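All remarks here apply to the structure that follows.
All values derive from a computational prediction rather than experimental measurement. First the proteins, then the strands, lettered A, B, ... as listed; each starts at 1.
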Protein chains: 2
Amino acid sequence: MALEDYERPSVTTDLVVFSVREGKLNALLIKRGVVPFKGGWALPGGFVNIDESIDEAAKRELQEETGVKDIFLEQLYTWGEVDRDPRGRVITVSYFALVKDNEVELKASTDAAEVKWFDVNKLPKLAFDHDKILKYAIQRLRWKFEYTTMAISLLPKKFSISQLKNLYEVVFEREFDKRNFYKKILSLDILDEKGMQENVAFRPAKLYSLKKGAESRVVAMV
Amino acid sequence: MALEDYERPSVTTDLVVFSVREGKLNALLIKRGVVPFKGGWALPGGFVNIDESIDEAAKRELQEETGVKDIFLEQLYTWGEVDRDPRGRVITVSYFALVKDNEVELKASTDAAEVKWFDVNKLPKLAFDHDKILKYAIQRLRWKFEYTTMAISLLPKKFSISQLKNLYEVVFEREFDKRNFYKKILSLDILDEKGMQENVAFRPAKLYSLKKGAESRVVAMV
DNA sequence: ACAAAAGTGTTGAGAGTACACCCATGC
DNA sequence: GCATGGGTGTACTCTCAACACTTTTGT
């Protein structure tokens, strides 16, 4: 059979954009400016254009909503229940992204009456099956933190071990032993020393950056 | 914007169906009976109907190609490059499946001139981006074997530890120490004893079955 | 000198790895 | 009794977890 013989579904991407703000894990949501679920909160996202790859569509959406590019973005899962969208048959490919709070510029648009960060522990009711997608994304985020060096992409180029430790404590919602954390991270041989903090009101910390080539290494981080 | 304002891509599923045959890990391929790549080998798969979920489409394809149902089937990844299919814009959601060799009945169809098992180390050139998909599936398969009890779904209801060990050796292409393997598996507390082998020409093995509730447990298996 | 955060070592428990011999059965 | 695969224990190493004090800096 030829392509034309099949009725085609619409395909969208939905993004779970995470950031750490004021010591909490936050996710980006938009207030829908259009039906269905007009006025309800939902994940940012939109249709995949016919001449762009799904990854490109996700990247474009991320930039439209946050102004951010060149940041960690990874496909999560594809949701294809027949009735997940009241407008008709819509398949969505979900992605998750990590952005640095201070590099983000939120902008409303026609689709999004409002764009806002929410503490993942204080989420509103979400449109479509977006609560399921968000739960899935949090699991994946934790997994990524546990087994990859991805967390470091959320920190400045030079960072201290304690900044990294804070990040892990926010994502896993528990404390890590300082000595064990230092020992573990330093034993992985993934960091280069990059001098010291300056102008701090207490003992300056050593700064590190991720070693070249360690970006995609799979290591047990914690 | 409304759904109608977007030109829609076609959506297919592609299946990587694994089985263990004669001590080797095999994948199921079809010889394409239609253009493009007519006469070339490809993964089984097909279009997602407008009134079925993607999971249902994958399940249906699996049954059409192998006659198998109720077996391990899991979504892998969604491939959405613009030019991945010469017929036009086709997005494919890949799945991987595990089937028991002896429960499979291969059938050719209009789309598939021939259906055949291939040793994953002796694969022919594949159509589309199917070699990438297959590589991805093998990675995932190994990960699943390492961290879940999924391997057991490939064995008969009652099985011996050495059958399980053989399976792991095939998938990881290396040997496991017999004593350590027995010790590790039995220490996980995921098996129930189910009597002994009968009518074997040597010392009969103890048989086990997977404990109720252990199907989805995440454990380090090896 | 004090406030604030940085940095550092040891010990015990449990898990992984390496390694070789006896056992039960059918023929 | 022999061929075939089943089943078992010990010692070493390494990793993980628990635990508290000293150091450096700015004010």
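In this structure, A:Lys184 places its NZ atom 12 Å from C1' of D:dC14, rounding to the nearest Å. Spacing between atom CD of B:Glu198 and atom C1' of D:dG6 amounts to 16 Å, rounded to whole angstrom units. Taking atom CG of B:Leu207 as the reference point, atom C1' of D:dG6 lies 12 Å away to the nearest angstrom. If you measure from atom CD of B:Gln197 to atom P of D:dG5, you get 11 Å, rounded to the nearest angstrom. In this structure, B:Phe202 atom CZ and D:dA3 atom C1' are separated by 11 Å, rounded to whole Å. The separation between B:Leu164 atom CG and D:dG7 atom C1' is 15 Å, rounded to whole Å. A:Arg174 places its CZ atom 13 Å from the P atom of D:dC16, with the value rounded to the nearest Å. With rounding to whole Å, A:Ile185 atom CD1 is found 15 Å from D:dT15 atom P.
At a threshold of 4.0 Å, the pair A:Glu52-A:Lys59 does not count as salt-bridged, since none of the basic side-chain nitrogens sits closer than that to a carboxylate oxygen. Ion pairing between B:Glu169 and B:Lys165 holds under the 4.0 Å rule for side-chain N and carboxylate O.
Backbone-only contact: A:Lys206 has heavy atoms under 4.0 Å from sugar-phosphate atoms and none from a base. When heavy atoms are screened at a 4.0 angstrom cut-off, B:Ala201 is found touching base atoms of the nucleic acid. Within 4.0 Å of A:Lys178, counting heavy atoms only, lies at least one base atom of the nucleic acid. Within the 4.0 angstrom heavy-atom criterion, no nucleotide atom of any strand lies near A:Asn199.
In this structure, B:Arg174 forms a cation-pi arrangement with B:Phe176, its terminal cationic atom sitting closer than 6.0 Å to the ring centre and no more than 45° off the ring axis.
The side chain to side chain contact (heavy atoms under 4.5 Å, CB included) with A:Ile152 is formed by just one residue from the set A:Leu167, A:Leu210, A:Ile185; it is A:Leu210.
Around the NZ atom of B:Lys184, the shell of radius 6.0 Å holds more than 12 heavy atoms that belong to other residues, nucleotides or ligands.
Nearest-nucleotide assignment on DNA chain C puts the 5′-proximal partner with A:Ala205, out of A:Lys183 and A:Ala205. Nearer to the 5' terminus of DNA chain D, by closest-nucleotide assignment, is the contact made by B:Asn180 (compared with the other of B:Asn180 and A:Asn180). Between A:Val200 and A:Ala220, the residue anchored closer to the 5' end of DNA chain D is A:Ala220, taking for each the nucleotide with the nearest heavy atom.
Listed pair B:Ser162 / D:dG6 meets the phosphate criterion, a side-chain N or O lying under 4.0 Å from OP1 or OP2.
Here the side chain of A:Arg203 is nearest to one of D:dG6, D:dT23, D:dT10, namely D:dT23.
Using bins of under 30°, 30° to 60° and over 60° for the plane-to-plane angle, the ring pair B:Phe118/B:Trp41 lands in the perpendicular bin.
Of the inter-residue distances, the one linking B:Arg60 atom CZ with B:Ser53 atom OG reads 10.0 Å to the nearest 0.5 angstrom.
Using a 4.0 Å cutoff to heavy atoms of chain A, the contacted part of DNA chain C runs 5' to 3' from C:dA4 to C:dT10.
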